[in-house]
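First comes the structure, then the notes that go with it.
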Amino acid sequence: MNYKEIRQLGQGGFGKVFEVEADSGERLALKRFSPAPHNLPHRPDERQQVIERLRKRFRREVATQKQLSGPEIMPVLDSELESESPWFVMPLAEKTYAEQIQEDRQSGSITIEAVADIMNGLQYMHELGFVHRDLNPKNILLHNGHWKLTDFGAVLPPSGQTMTLTEYTTILTELYCSPEQQKEFHKVQPPSDIYSFGCVLHDLVSGNTRTPYAKHSADGKIGMIIEKCTDAIPRKRPPIEVLRDLVLEALVEAGGHFAVEDEQAEEWLDKIETIESWEDDTFESFLRFFMHLDQDARTDIHSGWVGSLSTPFLTRIPASAFAIIAARQDGLSEAIIERYCEWVRDTAFSFGFADNICSRLRAIFENGTSADKAMAFAALVQLGASHNRWYVMRTALRLCGTDISEELAKRLSIEIRTEGIEDQFRTCVGVIRWEKEALSSEFHGLVGGD
């Protein structure tokens with residue numbers, strides 16, 4: 001396909017990005033290999049060696065972006081990599097996250113869905129063994145309503161093998177670069193990306209400038225999370241799967257979306273902190289309170305959010321509490337879990353907060369009976385499909401893989417059929433592009449195909 005250059009959108013260390021028009025008339029983004037002159041040595045022989053090394057790195061960037069290919073990653077639509085000036089084509093982004101940060105700061109309201117998307121992209125990469133090494137707001141793009149990671153020129157693949165950089169190759173963004181990355185670029189691990197993510201959070205909530213490679217902070221609970229993310233010692237930074245709930249809950253609380261105004265509900269939230277030591281009579285009292293919550297009550301105080309006396313209480317029960325409840329594996333726990341899963345399936349959440357609900361359902365699945373697992377699994381499938389949350393969809397599909405027992409697989413597939421959510425299950429498989437062979441054979445009939 002031919003592409004007509006419309007305008008230049010930007011330039012990095014060794015590539016220029018253009019808005020182009022395809023033969024079909026569609027507007028796209030084309031990145032062409034073009035090293036910045038200030039990154040090249042003056043001596044002709046050295047200059048040529050560096051150019052060839054950068055060209056190889058550019059080709060590897062394209063290969064990596066194609067290899068990742070998840071919905072959290074900007075897709076590669078076309079490429080030509082064998083020429084002297086290789087290039088590749090991506091969808092044209094609606095905006096960068098740097099622009100979104102400015103909009104959020106001007107409005108005084110953080111777009112939580114965007115933060116959730118970024119964390120989902122990082123977890124997807126880290127689970128596959130990749131380290132981005134250049135996470136910053138300009139490398140996060142909005143496409144079709146979702147924020148996606150891009151610019152993999154510095155990515156460290158699972159093997160840990162990477163071409164040696166020269167003193168002339170600058171691909172770091174200093175204000176987002178971890179201290180260990182500055183010293184040992186070739187050996188950094190996922191905590192380096194966590195440091196960069198902490199810097200992105202700092203951009204969102206603080207107007208202060210940053211000293212590169214330092215520990216950062218801000219006001220409130222989110223400030224403490226930023227401190228943990230930017231700790232000088234990599235092993236002290238929380239992994240992305242732990243960070244998700246911490247960040248989203250802190251942002252929700254900061255916005256006041258889920259304040260609990262009911263005195264009895266507030267008392268139970270305080271008691272839940274000691275749930276590990278509850279006696280049976282306390283569980284029975286909690287069950288009576290829980291079953292009488294008005295789960296259908298809604299208000300329109302917060303557009304796009306759930307707002308009622310009951311639902312703020314339900315959103316603030318931590319995953320650890322559900323793990324303890326499910327581990328009882330008795331009639332009391334099953335009644336609570338059934339009620340909670342019904343609420344999840346009947347409620348529309350902010351898209352970003354759906355990821356937090358997912359962690360509660362997974363805690364139920366990992367600790368409950370087969371009946372509990374089935375209810376949590378069905379709620380995950382419906383939550384992921386109805387909210388189009390890739391993290392939730394991927395979590396659900398992992399729970400019905402080839403490693404589960406035949407008995408559990410049958411129980412889960414029956415739940416999908418009896419609840420009438422076969423279409424939602426197929427949506428999850430299709431959106432995530434999940435391989436049929438990665439599912440237990442009990443689900444092959446639900447997916448269809450050969």
Side-chain angles (χ1 to χ4, degrees), residues 1-37 39-40 50-100 114 117-118 120-122 124-125 128 130-157 162-163 169-171 173 388 390 430-434:
M1 187 175 292
N2 297 313
Y3 302 96
K4 176 184 177 182
E5 292 184 2
I6 304 300
R7 62 190 177 105
Q8 184 172 331
L9 299 175
Q11 179 168 358
F14 50 94
K16 293 181 180 179
V17 181
F18 299 89
E19 179 180 348
V20 298
E21 183 177 299
D23 293 338
S24 62
E26 183 180 11
R27 294 293 178 95
L28 301 165
L30 184 147
K31 185 173 183 179
R32 186 184 302 279
F33 175 71
S34 180
N39 280 340
L40 300 175
V50 171
I51 289 175
E52 186 54 37
R53 185 165 295 176
L54 291 177
R55 187 180 289 112
K56 289 180 180 179
R57 180 174 290 282
F58 184 90
R59 290 166 178 157
R60 191 191 69 176
E61 173 185 353
V62 182
T64 299
Q65 197 160 338
K66 286 182 177 180
Q67 181 181 352
L68 287 168
S69 72
E72 298 90 345
I73 308 299
M74 280 294 277
V76 174
L77 304 178
D78 192 10
S79 63
E80 205 299 300
L81 302 179
E82 299 306 319
S83 67
E84 289 294 305
S85 298
W87 52 264
F88 68 98
V89 174
M90 302 180 295
L92 186 65
E94 297 154 40
K95 56 183 168 182
T96 69
Y97 194 56
E99 295 170 303
Q100 185 64 52
D117 283 349
I118 296 167
N120 292 344
L122 273 184
Y124 173 69
M125 287 190 64
L128 293 176
F130 290 87
V131 184
H132 192 286
R133 294 197 298 185
D134 193 22
L135 182 73
N136 69 75
K138 292 184 178 180
N139 291 343
I140 305 165
L141 304 178
L142 182 64
H143 172 235
N144 285 344
H146 292 275
W147 292 93
K148 304 181 181 182
L149 305 187
T150 188
D151 203 335
F152 298 96
V155 73
L156 185 67
T162 181
M163 290 176 289
T169 309
T170 304
I171 59 174
T173 306
N388 194 27
W390 305 325
V431 169
I432 300 300
R433 299 193 285 275
W434 203 258

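Starting from 1, each residue takes its place in the sequence as its number. Please read all numbers here as calculations on a predicted model, not as lab measurements.
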Taking atom types as modelled and ignoring hydrogens, do the side chains of [X] and [Y] form a donor-acceptor contact shorter than 3.5 angstrom?
X      : Y      : result
Asn388 : His146 : yes
Lys95  : Gln100 : yes
Lys66  : Ser79  : yes

Can you check side chain to side chain contact (heavy atoms under 4.5 Å, CB included) on Tyr3 and Leu28, steps first, answer last?
-> CA-CA 9 Å; Tyr3 302 96; Leu28 301 165; 3.9 Å; yes
Test item: Glu26 and Met1 side chains (from C-beta on) under 4.5 Å apart, heavy atoms = no
Would you say Trp87 and Asp78 make side-chain contact, with heavy atoms under 4.5 Å?
-> yes
When you measure from the side chain of [X] to the backbone N and O of [Y], does any donor-acceptor pair fall under 3.5 Å?
X      : Y      : result
His132 : Thr150 : yes
Arg433 : Ser69  : yes
Asn2   : Asp23  : no
Glu94  : Asn144 : yes
Asp151 : Asp134 : no
Gln65  : Val62  : no

Apply side chain to side chain contact (heavy atoms under 4.5 Å, CB included) to Val155 and Val131, showing your working.
-> CA-CA 6 Å; Val155 73; Val131 184; 5.9 Å; no
Heavy atoms only: give me the nearest Pro75-Pro91 pair and the separation to one decimal.
-> O-CD, 3.4 Å
Take Phe152 and Gln67 through the side chain to side chain contact (heavy atoms under 4.5 Å, CB included) test and state the conclusion after the steps.
-> CA-CA 11 Å; Phe152 298 96; Gln67 181 181 352; over 6 Å; no
Is it true that Tyr124 and Phe130 have ring centroids separated by less than 6.0 Å?
->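 Between Tyr124 and Phe130, the centre distance exceeds or equals 6.0 Å.
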Is any side-chain N of the basic residue among Glu21 and Arg27 closer than 4.0 Å to the acidic one's carboxylate O?
-> yes
